[in-house]
Participant: 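To start, I am sharing the structure in question, which I have written as structure tokens.
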Amino acid sequence: MISKKLFEELNKQVTYEYFSSHLYLAMEAYCASLNLDGFANFFKVQVEEERAHAKMFFDYINRMNGDVIIEGLDKPDANFKNLHDVFKKGYEHEQFVTSRIYLLMDIASEEREHATISFLKWFVDEQVEEEESFFGIMKKLEMIGENVSALYSLDQELAQRVFVPPVLTQG
Ligand code: FEO
């Protein structure tokens, strides 16, 4: 039995995940403005991933007979200083999302809401990948510095990223 408090927090997560897609859309636009098509592609895929995450929470609330409430989205901060700043802000945002997933897991655990604990485990694992991905590119950019050919190689690498729809273990 999911409590009102847990449903409210699950609903907030729908909005946070859509906000993530909104923020990464701003980052895609910034990379595209620099003609870094590979970096723009990285964020294009990230936008799709975040929309998929939002829909997973949306569908879970529905399956558990809760009411999904769609809220408005804040304007993302798009005042990026440079490419490194983009990934630093992305990494910090993912750390925030991790704290949100942990909060949800804490509430579900306190309430012994085992179905929700099981649902959230996918997101706990996903956040490890999300933070690793942003942190890794941020560190590569620090190594690259002003080396244009290395930046070009990384752009080529990120152009290969494709969206793979997430699969939940819960049927
Ligand atoms: Fe939905 Fe990037 O976490």
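Residues: numbered from 1 along the sequence shown. Note that ligands are numbered from 1 as they come in the structure, with each ligand's atoms numbered from 1 the same way. Everything numeric in this text was worked out from a predicted model, so none of it was measured.
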Participant: Mind jotting down which residue pairs meet the salt bridge (Lys or Arg N to Asp or Glu O under 4.0 Å) criterion with at least one end in residues 22-44? Sequence neighbours excluded, please.
Facilitator: none
Participant: If you measure from CZ on F123 to CD1 on I101, what distance do you get to the nearest 0.5 Å?
Facilitator: 6.0 Å
Participant: Y152: which other cluster members, linking ILVMFWY side chains closer than 4.5 Å, directly or transitively?
Facilitator: none
Participant: Under the side chain to side chain donor-acceptor pair (under 3.5 Å) test against S3, which residue among E8, E9, E111 passes?
Facilitator: E111
Participant: Step by step, would you call F87 with F42 a ring-ring contact (aromatic ring centres under 6.0 Å, His included)?
Facilitator: CA-CA 11 Å; F87 281 87; F42 172 88; 5.6 Å; yes
Participant: I'd like to check the side-chain hydrogen bond (donor to acceptor under 3.5 Å, both in side chains) partners of E131; sequence neighbours left out, ordered by chain and number.
Facilitator: T98
Participant: Which protein atoms of type N, O or S are found under 2.8 Å from atom 1 (Fe) of ligand 1?
Facilitator: E17 OE1, E50 OE1, H53 ND1
